[in-house]
Amino acid sequence: MLRALQIEPEKCTGCLQCELACSYQAEGVFNPAKSRIKVFTFHDEGRFVPYTCTQCSEAWCMHACPVEAIVLNEETGSKDVLADVCVGCKVCTIACPFGTVNYNQDTKVVYKCDLCGGDPECAKACPTAAITYVDADHTGLGRMRAHAAASAGAN
Amino acid sequence: MAWANNVLRVNLTDGTTSNEPLNMEWARLYLGQRGLATKYLVEEIDARCDALSPDNKLIMTTGPLTGTMASTAGRYSVVTKSPLTGAVACSNSGGFIGAELKAAGYDMIIFEGKSPQPVYLYVENDKVDIVPADEIWGQSVWAADEWLHKKYQDPLLRIAAVGRAAEKGCLYAAIVNDLHRAAGRSGVGTVMASKNLKAVAVRGTKGVGNIKDPAGFMQAVNDGKQVLAENAVTGQGLPTYGTQVLMNVINEVGAMPTRNMREVQFEGASKISAEAMHEPRESDGKPNLVTNAGCFGCTIACGRISTIDRGHFSIENKPQYWGASGGLEYEAAWALGSDTGVDDMDALTYANFICNEDGIDPISFGATVAAAMELYQIGAITKEQTDGVELKFGSAEALTWATEVTCKGEGFGQELGMGSKRLCEKYGHPDLSMTVKGQEFPAYDPRGIQGMGLTYATSNRGACHLRSYTVSSEVMGVPVKTDPLETEGKPELVKAFQDATAIVDSSGLCVFTTFAWTLEDIAPQVAAACEGDWTPESMLEAGERIWNLEREFNLAAGLTAADDTLPKRLLTEPAQTGPAKGHVNRLHEMLPKYYEVRGWNKQGEPTDETRQRLSL
């Protein structure tokens with residue numbers, strides 16, 4: 001079963017555990033500046049919103065890449081960057097409508113979420129379950145259940 | 001090793017900066033942050049110097065775990081000599097700038113001298129600039145924050161700054177970071193402003209690596225996170241209610257200092273409590289509390305994000321305060337509320353907002369207003385001083401006015417900015433100042449919680465709950481329940497809490513973890529990250545070393561055993577209501593024994609044997 005990251009911003013406290021876990025897994029350093037997932041703070045509204053790659057089926061980044069350095073991981077559905085193929089042209093960073101592919105000036109290639117190969121660290125690190133890794137066909141299940149509960153007067 | 005092994009030294013007099021390796025010999029004795037920076041301060045300044053002179057130094061310091069994934073590991077401290085107390089100051093803050101400084105590659109920044117003109121420091125990894133601050137000098141913290149973010153076009157820049165109160169010499173000015181977290185106590189912001197240093201802006205993209213045993217560290221971190229999640233206080237109470245969970249509890253215990261500590265219970269407590277923050281307002285159906293928030297890496301997330309009722313008098317026609325910002329913590333709610341007798345939560349939230357906006361410590365400020373209100377009540381202060389304002393206990397209008405003039409350093413705000421000790425001395429009633437070593441009390445009346453009396457009297461930075469939070473034991477039963485009205489065993493309890501807290505504050509972790517964690521949970525995280533032999537025992541001993549080092553600084557600064565005392569009110573005027581009715585604080589039953597268990601002589605000085613045992 002394919003899984004997907006589900007993000008529920010209303011549960012997020014802005015603690016950055018996801019960014020720490022992500023950067024540590026990917027870079028070996030605790031470094032939010034190099035995290036694939038980013039938490040945005042909307043100060044005046046008191047909202048925290050994690051955001052990362054949604055792994056589009058027809059991924060703009062993958063189609064835009066002139067050297068085929070972004071490939072589909074059949075097992076997880078993620079679009080992965082082959083760092084040794086990437087030439088750092090950054091066309092994918094322009095193509096991505098969501099801004100979730102970015103260039104790393106230290107490695108001189110792009111980086112993006114690869115779902116940690118099917119066991120995403122951000123979801124494991126999140127203390128409030130604002131980030132979960134769930135059935136890709138049913139990311140709406142939690143919200144459906146909430147509405148179902150409301151209509152039935154149940155919890 | 002988790003230390004960056006890099007100290008940034010900024011000479012503000014010359015406008016020069018330099019780097020040097022961290023003194024690792026000291027790091028093995030004092031770990032980091034509070035302990036290690038105090039060691040630097042002790043070695044580098046004359047303890048008798050004027051705190052607001054160029055001779056004082058100001059150290060912004062992280063701990064070895066700061067910036068790592070350990071829960072709450074985003075703390076930093078500011079260590080300097082306090083202008084409020086003349087003692088050592090060490091103020092700890094969360095938010096994000098501590099971790100950012102570490103990610104930029106620094107353990108600490110040591111500021112020396114005084115800049116000839118207002119400046120700020122910009123740090124982007126190895127790039128360090130001292131930049132003229134003409135555009136933001138004279139502005140609030142919030143205005144400076146916005147200006148710096150715009151100038152650098154970098155939303156991820158982390159900023160700590162002082163506001164107008166610090167510039168005008170308010171003696172309890174804070175250094176505010178990330179808009180509403182603060183190194184709040186003892187006037188560390190006043191010292192920063194005295195050096196003509198307006199702000200520190202940091203961007204770090206190196207991150208924190210060099211963990212000694214990465215696998216062991218992640219295991220210890222995950223174990224620790226689980227303990228916090230499963231504990232009732234850190235897993236439920238603090239995220240849901242914040243520190244404000246204490247308001248009703250402490251009021252019922254009869255240890256809620258009220259109206260300048262004349263009373264020990266506040267009839268309006270429930271109206272300014274955590275529960276009230278969750279209640280929908282009549283006007284717009286929304287509660288005061290918008291959400292809880294976590295500091296860097298924190299899995300507890302006790303922070304409050306609040307809004308003020310837009311119809312409230314305090315923010316009428318002031319749209320800049322209509323959005324959400326840092327809400328009431330228990331200490332602020334108490335000092336601004338119970339101690340002044342004000343039970344209007346919107347007024348308290350507004351006062352809290354502008355304490356953050358211009359960087360003043362709401363504890364010292366609220367307690368100073370409370371003292372001023374008592375002086376007004378007895379006629380020692382009149383409308384002549386207050387620009388016609390009726391400075392009465394319970395007046396929300398008086399409170400918000402006092403906050404505005406103090407934050408801006410205008411008129412009577414200049415006098416309130418002196419703190420309650422100097423204010424009460426000036427108006428001829430020194431006994432009405434509820435302070436120890438010149439620093440105002442926090443929110444626990446030591447008549448109702450005896451151990452807190454000893455805590456305040458012996459705290460190295462003046463009255464403070466965060467130096468040994470025996471409330472944990474005496475009220476909450478953590479780690480073991482003790483009777484709050486008993487003095488027996490309290491000297492030992494206070495010492496144990498003081499030592500443990502000193503080392504937690506030196507690690508980069510938040511002291512609130514200790515509602516759930518003991519050193520048994522913390523030591524494995526430190527040991528896996530850092531070189532050295534870090535066990536619960538060795539950490540406790542390092543904590544004791546730090547405590548004695550701070551004590552020695554204070555003795556060298558001219559403080560004596562005579563300063564280890566409490567205001568007369570708490571020693572002679574019994575509590576009138578509640579479980580502590582009829583009780584005063586019996587400090588005299590605890591203090592001699594405390595000196596003894598500390599290994600100090602009758603003058604409160606560490607004996608040669610103690611100094612030797614602790615390698616001082």
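Letters A, B, ... are given to chains in the order of the sequence lines, protein chains preceding strands, and every chain is numbered from 1.
Nearest heavy atoms, B/A324 versus A/G46: CB-N, 3.9 Å. In plain terms, the two heavy atoms of B/C298 and A/C15 that are nearest each other are O-CB, 3.1 Å. Nearest heavy-atom pair across B/G67 and A/F30 is O-CB, 3.4 Å.
Only the side chain of B/A301 comes within contact range of chain A, with heavy atoms under 4.5 Å apart. Looking at B/I300, neither its backbone nor its side chain comes within 4.5 Å of chain A, counting heavy atoms on both sides. Neither the backbone nor the side chain of B/L228 comes within contact range of chain A, judged by heavy atoms closer than 4.5 Å. With a threshold of 4.5 angstrom between heavy atoms, B/P214 approaches chain A through its backbone and through its side chain.
With sequence neighbours excluded, the residues forming a side chain to side chain donor-acceptor pair (under 3.5 Å) with A/E58 are A/H63, listed by chain and number. Here B/A103 pairs with nothing under the side-chain contact (heavy atoms from CB on, under 4.5 Å) rule; sequence neighbours left out.
Proximity of B/F296 to A/P32: side-chain heavy atoms (C-beta onward) are separated by under 4.5 Å at one or more points.
Residue B/L156 holds its CG atom at 8.0 Å from CZ of A/F40, rounded to the nearest 0.5 Å.
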Let me check something: any side-chain donor-acceptor pairs from residues 79-95 of chain A under 3.5 Å, sequence neighbours excluded? List them with distances.
residue : atom : partner : partner atom : Å
A/K79   : NZ   : A/C56   : O            : 2.8
A/K79   : NZ   : A/G77   : O            : 2.7
A/D80   : OD1  : A/S78   : OG           : 2.6
A/D80   : OD2  : A/N73   : ND2          : 3.4
A/K90   : NZ   : A/G88   : O            : 3.4
A/T93   : OG1  : A/K90   : O            : 2.6

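Of the residues considered (A/C18, A/G28, A/C126, A/A21), A/A21 shows the highest number of contacts with chain B, using heavy-atom pairs under 4.5 Å. Most heavy-atom pairs under 4.5 Å with chain A, from the set B/I305, B/V208, B/I211, B/L179: that is B/V208.
Counting non-hydrogen atoms of neighbouring residues, nucleotides and ligands closer than 6.0 angstrom, the CE atom of A/M1 exceeds 12 such neighbours.
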Is there any N or O donor on one of chain A and chain B with an acceptor on the other under 3.5 Å, and could you list each such pair with its distance?
residue : atom : partner : partner atom : Å
A/T13   : O    : B/G294  : N            : 2.8
A/C15   : O    : B/G297  : N            : 2.6
A/Q17   : OE1  : B/K225  : NZ           : 2.8
A/Q17   : NE2  : B/M69   : O            : 3.0
A/Q17   : NE2  : B/G297  : O            : 2.9
A/F30   : N    : B/V208  : O            : 2.9
A/F30   : O    : B/V208  : N            : 2.8
A/N31   : ND2  : B/T205  : O            : 2.7
A/H43   : NE2  : B/H180  : NE2          : 3.3
A/D44   : O    : B/A324  : N            : 2.7
A/A125  : O    : B/K225  : NZ           : 3.0

